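Input: a single structure, listed below in structure tokens.
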There are 2 protein chains.
Amino acid sequence: MTRTVFEKADVIPLVAEVFRELGYEGATMSKITARTGLSKGSLYHFFPGGKEEMAAEIVADVERWFAKRVFEPLERDDPKEAIAVMWREVDAYFRSGQRICLIGAFALDETRDRFAAAISRYFRRWVDALQDALVRAGVPRGTAAKLAEESVAGIQGGLLLARGLHDESVFARTLAGLEERVSSYLPKPGR
Amino acid sequence: MTRTVFEKADVIPLVAEVFRELGYEGATMSKITARTGLSKGSLYHFFPGGKEEMAAEIVADVERWFAKRVFEPLERDDPKEAIAVMWREVDAYFRSGQRICLIGAFALDETRDRFAAAISRYFRRWVDALQDALVRAGVPRGTAAKLAEESVAGIQGGLLLARGLHDESVFARTLAGLEERVSSYLPKPGR
DNA sequence: GTCTATACTTTGATAGAC
DNA sequence: GTCTATCAAAGTATAGAC
């Protein structure tokens, strides 16, 4: 008999995928046990607070991932390079449009109110970090603010439309279009 | 004693608002009765098929609304004028960012699979109608395709980001940015 | 077309054995 | 740390009176 023993760090991404696919309300305990292979006993062992605690930890985990791979580079590294890294990381994270943004999905219904602070912090930091990088790259502040907001919204919209149309290539084109547009505003050898 | 008697046509927008706010799974019968004031008896009278039938009729209703106010004008009327009408109607429909797109929200989780055909038809027609109008307005086909996809994705992303940030002005800026961008591609007195 | 009362299922959560 | 068994609450849906 094979028995798999998990640590919490292994469990989070597993459960996260279920919430991502089904949404907060759709992710029932029985669906989570069925799709992860973990029993209710195990799940409540890791998350005594139940669903709410699970989702909160998942949101925090997503936030940490983006902070490390996207936000911090934008805030700290060479801006043009960090922006290039962003397009690459975002494409990989969302599996070129096959995956949606869990935090974006939570934002759309009243699930938002449960995690309002974390959700707005996530989007706020993304927009601000991108804007900051653009300014450091030489883009005027006002233009940078517009481009940053447009990019984050565009990414979310591209994911949504790709899913709605059952056509992941929509996301690839969205990302390529945004990258080209942003690049055209970068001074020097950009355009 | 006041007793309100409804017709189905009055009930649909009422119930639609609950689905829009709570999502398909979040919109439980008791929440629907609580928020609409209609009892379960009335609801099952109008929708014998229960939740699934309600949501299907709501999706069809949204589709009809957009067909009449947005898609048909884009397909039929003076293209530049129809595009201008689109920005105006979309802003009004989504209450300048205070409301989200029910069909977009359905697209994000597995609710999509229940209504896959209607959802993809809605987005497909929107993108195609806009592209068609742009072509008729003199924009090259490839550019028009890109702009149309970008606009529909942008609108959805703007709604999502506005909600995530608790800041409806994001949607106003998104819409203004898209309109300006699209206009810049229109020949003649556009730019 | 409205409603309340009821049947039955699923849900979230707990207890306790291994 | 894993699991199964159990419970109260909430879920969908139905029946039938007005």
Side-chain angles (χ1 to χ4, degrees), chain A residues 1-59 61 102 105-106 109-115, chain B residues 1-59 61 102 105-106 109-115:
Chain A
M1 175 198 176
T2 52
R3 200 179 72 123
T4 317
V5 177
F6 286 97
E7 287 181 11
K8 198 166 179 178
D10 307 313
V11 172
I12 288 178
L14 236 52
V15 180
E17 218 48 33
V18 183
F19 276 93
R20 198 191 307 277
E21 288 164 6
L22 303 177
Y24 184 80
E25 296 295 342
T28 64
M29 291 305 294
S30 55
K31 291 244 179 75
I32 298 172
T33 58
R35 297 192 183 201
T36 61
L38 288 147
S39 69
K40 288 189 190 183
S42 292
L43 290 168
Y44 277 98
H45 168 71
F46 289 118
F47 310 98
K51 271 183 74 170
E52 176 124 17
E53 186 178 338
M54 278 180 223
E57 294 222 36
I58 288 164
V59 168
D61 191 60
L102 178 138
F106 279 10
D109 59 37
E110 287 195 359
T111 305
R112 178 192 65 167
D113 302 337
R114 283 179 194 269
F115 310 108
Chain B
M1 177 198 173
T2 52
R3 198 180 71 125
T4 317
V5 177
F6 286 99
E7 288 180 10
K8 199 166 177 177
D10 306 313
V11 172
I12 288 178
L14 235 51
V15 180
E17 219 47 33
V18 185
F19 276 94
R20 200 191 306 278
E21 287 166 5
L22 302 177
Y24 184 80
E25 297 294 343
T28 64
M29 291 304 295
S30 55
K31 291 243 179 76
I32 297 171
T33 60
R35 297 193 182 200
T36 61
L38 288 145
S39 68
K40 288 186 190 182
S42 293
L43 289 168
Y44 277 98
H45 168 72
F46 290 118
F47 311 98
K51 272 184 73 169
E52 176 123 18
E53 186 178 339
M54 279 180 221
E57 295 221 36
I58 289 165
V59 168
D61 192 60
L102 178 137
F106 278 11
D109 60 36
E110 287 196 0
T111 305
R112 178 193 64 168
D113 301 337
R114 282 179 196 269
F115 310 107

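Within every chain, numbering begins at 1; the chains are lettered A, B, ... in the order of the sequence lines, protein sequences first and strands thereafter. Given the structure is predicted, the values throughout are model-derived calculations rather than measurements.
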Q: Determine whether A:D109 and B:E21 make a side-chain contact, defined as any pair of heavy atoms from C-beta on separated by less than 4.5 Å.
A: no

Q. Could you state the CG-C1' distance from B:D10 to C:dG1, rounded to the nearest angstrom?
A. 12 Å

Q) Roughly, in whole Å, what's the span from CZ in A:F6 to C1' in D:dG1? A) 11 Å

Q) Whole Å only: how far is the CD atom of B:E7 from the C1' atom of C:dG1? A) 11 Å

(Q) Counting only side-chain nitrogens and oxygens, does A:S42 get under 4.0 Å of the OP1 or OP2 atom of D:dT2? (A) yes

Q | Atom of B:V18, atom of B:I32 and distance for their closest heavy-atom approach | A | CG1-CG1, 3.9 Å

Q: State which of D:dT14, C:dG1, C:dT14 makes the closest approach to the side chain of B:K40.
A: D:dT14

Q: Rounded off to whole Å, could you give me the CD-to-C1' distance for the A:E52 and C:dT11 pair?
A: 16 Å

Q) Roughly how many Å is it from OH in B:Y44 to P in D:dA13, rounded to a whole number? A) 4 Å

(Q) Closer than 3.5 angstrom, by distance alone: can the side chain of A:K31 be matched with the main-chain N or O of A:F19 as a donor-acceptor pair? (A) no

**Q.** Whole-Å distance separating the OH atom of A:Y24 from the P atom of C:dG12
**A.** 8 Å

Q.
Could you tell me how far apart B:M54 (CE) and D:dG11 (C1') are, to the nearest whole angstrom?
A. 13 Å

Q: State whether B:S30 places a side-chain N or O below 4.0 Å from either non-bridging phosphate oxygen (OP1 or OP2) of D:dG11.
A: yes

Q) From D:dT12, D:dT2, C:dG1, pick the nucleotide closest to the side chain of A:L38? A) D:dT2

Q: Please answer whether the main-chain N or O of B:F47 pairs with a side-chain N or O of B:K8 as donor and acceptor at a distance below 3.5 Å.
A: no

Q) Looking at D:dT2, C:dG1, D:dT14, which one has an atom nearest to any side-chain atom of A:F46? A) D:dT2

Q. What is the distance from CG of B:L43 to C1' of D:dT14, rounded to the nearest Å?
A. 14 Å

Q) If you pin B:G41 and B:K51 to their nearest nucleotides in DNA chain D, which one's is more 5'? A) B:K51

Q. With respect to the side chain of B:S39, which nucleotide from D:dA13, D:dT2, C:dT4 is positioned closest?
A. C:dT4

Q: Report yes if the side chains of A:T33 and A:L38 come closer than 4.5 Å at any heavy-atom pair, otherwise no.
A: no

